[in-house]
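Inspection log for the structure reproduced underneath, given as structure tokens.
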Amino acid sequence: MEVMTEKKIERKGPVLFSPYKRGEGIKAALKLKRNDILFEVKEAGLKGRGGAGFPTSAKWMLTAAAKSDKKYIVCNADEGEPGTFKDRVLLLEYPELVFEGMVIAGYTVGSDQGIVYLRGEYEYMLSSLEDYLKEMKKDNLLGDKILGTDFNFNINIHLGSGAYVCGEETALIESLEGHRGEPRNRPPYPVNTGFMGCPTVVNNVETLSSVPHIITKSGEWFKKHGTDKSTGSKLFSVSGDCNKPGVYELPWGTTIKELLKLVEAKDTKAVQVGGASGVCVPVNQFDRKLGFEDLATGGSIMIFNKKRDMLKVLKNFMEFFVEESCGQCTPCRIGNVKLLEGTEMIEKGTHTFKYINTLKELGKTMQVASKCGLGQSSPNSFISILDNFKEEIFSSGRNGGDKK
Ligand SMILES: Cc1cc2nc3c(=O)[nH]c(=O)nc-3n(C[C@H](O)[C@H](O)[C@H](O)COP(=O)(O)O)c2cc1C
Ligand code: SF4
């Protein structure tokens with residue numbers, strides 16, 4: 001059967017968009033011992049594509065080692081970071097990779113249940129994904145005694161309810177359990193105490209989609225792409241001022257300059273890497289590389305040309321964080337409001353430079369004192385936009401009370 005696609009695009013890429021035959025990942029995995037799969041994923045150097053870059057083999061090893069009769073594989077398909085839309089493409093056009101990655105993860109860690117936490121706004125793809133799961137069951141790639149082995153695995157899809165923070169893995173688990181989507185204290189980590197208190201792997205859609213390729217083509221093959229510390233390829237969701245926005249698969253290590261050429265961006269003055277919680281890179285840093293050793297990112301790339309007002313960009317990001325903070329901890333709940341107020345003061349010219357510097361220090365405190373990644377990363381834009389675009393932002397009329 002064919003899963004609904006929004007637009008038929010011929011996609012090319014070194015890993016995820018390379019040829020793959022449905023079912024072959026599961027077939028190959030079930031012939032291997034669990035330790036051999038862990039070895040292959042480790043050899044590949046696969047790191048989480050959801051943003052944090054945690055080594056996937058380590059997460060799986062910890063879950064495999066945890067003692068419990070019940071374990072879960074959760075696919076994080078919340079895709080809430082502003083400017084990110086690459087998981088949507090994987091789910092719509094490559095569901096075999098996502099689901100087979102979950103089955104292989106289940107087999108490796110000793111879990112018989114997978115759950116996809118699907119972004120609420122992606123409800124339109126729910127029925128076609130469920131149809132696809134039924135097809136997999138018919139082909140014995142899912143369900144009981146998969147491909148004649150003793151391994152059972154099922155997948156359910158759970159629809160999210162629209163909060164950005166629900167993409168954070170512990171808030172996601174709370175939401176799955178029917179509670180308010182609020183991050184938990186860590187430790188304990190989901191690998192030991194996750195969904196319903198059981199050991200749980202939470203992986204991003206793209207991370208899981210890399211696994212069938214690694215198992216069929218080898219970890220050695222996978223790590224030939226990318227760099228030493230960032231192996232494989234990455235999907236980038238490119239939006240903003242360019243002729244060819246869209247989802248691109250590129251090897252890690254690609255520079256911003258190379259990416260801008262590919263998407264035909266002209267007169268670019270800033271590239272926001274990693275969404276609202278990422279960093280804003282100015283022209284004189286366009287030689288920087290996309291990868292864990294330099295610009296780590298979940299894949300959101302927003303391009304701004306010379307006509308854009310960077311203060312407006314910043315204000316937009318800060319409004320987003322004030323709206324999306326779950327309010328549980330003070331640094332994030334109050335801090336984001338203060339950073340937004342500071343941005344509005346600059347807009348009106350009522351700030352002082354002394355106060356803006358104090359806010360930057362507050363941002364640094366938020367980065368270390370906030371309970372989850374939302375508050376730890378929300379000051380990134382505030383700090384990087386004010387540092388990298390100070391001449392533009394503090395131009396005439398916005399000089400501030402102390403005019404320094
Ligand atoms: C506020 C917030 C939102 C997040 N949203 C997502 C998301 O939409 N998708 C995702 O895969 N990870 C998201 N993450 C990261 C997850 O907490 C987690 O690290 C990830 O799902 C782990 O998968 P990986 O190791 O495969 O990257 C988010 C983190 C934070 C702090
Ligand atoms: S950092 Fe923000 S989103 Fe995370 S727990 Fe604290 S208030 Fe909630």
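Because the structure is predicted, anything quoted here is derived from the model rather than measured. All ligand and atom numbering here is 1-based and tracks the order in the structure.
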Test item, Gly80 contacting ligand 1 (heavy atom, 4.0 angstrom): yes
May I ask you to identify the nearest protein heavy atom to atom 6 (Fe) of ligand 2, giving residue, atom name and distance to one decimal place in Å? Cys329 SG, 2.3 Å
Within a distance under 4.0 Å of any heavy atom of Gly327, pick out the atoms of ligand 2 and give their elements. 7 (S), 8 (Fe)
Look only at the side chain of Ser175 and the backbone of Cys166, and say whether a donor-acceptor pair between them is shorter than 3.5 Å. no
Give yes or no for whether the N/O distance cutoff of 3.5 Å, strictly under, is met between Gly50 and ligand 1. yes
CZ on Phe236 to NZ on Lys86, rounded to 0.5 Å: 10.0 Å
Numbered atoms and elements of ligand 2 in range of Ser325, under 4.0 angstrom, heavy atoms: 2 (Fe), 7 (S)
For ligand 1, does Leu374 get within less than 4.0 Å through its side chain, its backbone, both, or neither, judged by non-hydrogen atoms? both
Return the closest protein heavy atom for atom 2 (Fe) of ligand 2 as residue, atom name and distance. Cys332 SG, 2.3 Å
Which atoms of ligand 1 have any heavy atom of Gly48 under 4.0 Å away? 24 (P), 25 (O), 26 (O), 27 (O)
Any idea which part of Glu79 is under 4.0 Å from ligand 1, heavy-atom wise: side chain, backbone, both or neither? backbone
Between CZ on residue Arg49 and CG on residue Leu235, distance to nearest 0.5 Å: 9.0 Å
Heavy atom of Lys59 under 4.0 Å from ligand 1? yes
Give the atom numbers and elements of ligand 2 that come within less than 4.0 Å of a heavy atom of Val165. 3 (S)
Lys/Arg cation over aromatic Tyr122: Arg119, 6.0 Å, 45° cone: yes
Near Ser370, which atoms of ligand 2 are under 4.0 Å from a heavy atom of that residue? 1 (S)
Could you tell me which atoms of ligand 1, counted from 1 in the order shown, lie closer than 4.0 angstrom to a heavy atom of Thr207? 24 (P), 26 (O), 27 (O)
Per-atom contacts, ligand 1 versus Gly373 - under 4.0 Å to a heavy atom: 31 (C)
Check ligand 1 against Val202 and write out every atom of the ligand that is under 4.0 Å from a heavy-atom position of the residue. 21 (O), 22 (C), 23 (O)
Check: Gly167 main-chain N/O paired with Asn76 side-chain donor or acceptor under 3.5 Å: yes
Nearest option to atom 7 (C) of ligand 1, as decided by whichever heavy atom of Asn204, Val205, Asn76 sits closest: Asn76
What one should report as the nearest heavy-atom pair of Val98 and Leu208 is O-CB, 4.2 Å
What is the minimum heavy-atom distance between Ala77 and Val116, and which atoms define it? CB-CG1, 4.0 Å
Run Ser378 and Asn336 through side chain to side chain donor-acceptor pair (under 3.5 Å) and show every step you take. CA-CA 7 Å; Ser378 61; Asn336 281 310; 2.9 Å; yes
Parallel, tilted or perpendicular: which fits the ring planes of Phe17 and Tyr94, with parallel below 30° and perpendicular above 60°? parallel
Could you tell me whether Arg49 approaches ligand 1 through its side chain, its backbone, both or neither, with non-hydrogen atoms closer than 4.0 Å? backbone
Ring centre gap for Tyr20 and His213 strictly below 6.0 Å: yes
Give the atom numbers and elements of ligand 1 that come within less than 4.0 Å of a heavy atom of Asp78. 8 (O)
Please report whether ligand 1 has a polar contact with Gly167, defined as an N or O pair separated by less than 3.5 Å (distance criterion only). yes
Is there a side-chain contact between Glu168 and Leu374 in this structure, where contact means two heavy atoms from C-beta onward sitting under 4.5 Å apart? no
Do Leu359 and Ile356 come within less than 4.5 Å of each other through their side chains, counting heavy atoms only? yes
Could you confirm whether Cys372 has any N/O/S atom lying under 2.8 Å from atom 2 (Fe) of ligand 2? no
protein heavy-atom neighbour closest to atom 29 (C) of ligand 1 works out as Glu168 CA, 3.7 Å
Within a strict 4.5 Å, meaning less than it, do heavy atoms of the Tyr107 and Leu32 side chains meet? no
Less than 3.5 Å apart, any donor N or O on the side chain of Asn185 or Lys371 sitting next to an acceptor on the other? yes
Min N/O separation Asn203 to ligand 1 under 3.5 Å: yes
Between atom 8 (Fe) of ligand 2 and Cys326, is there an N, O or S atom separated by less than 2.8 Å? yes
Only heavy atoms of Gly375, strictly under 4.0 Å: list the atoms of ligand 2 that pass. 1 (S)
Exactly one of Asp228, Thr297, Asp294 clears side-chain contact (heavy atoms from CB on, under 4.5 Å) with Trp252, and that residue is Thr297
Between ligand 1 and Glu169, is the shortest N or O to N or O distance under 3.5 Å? yes
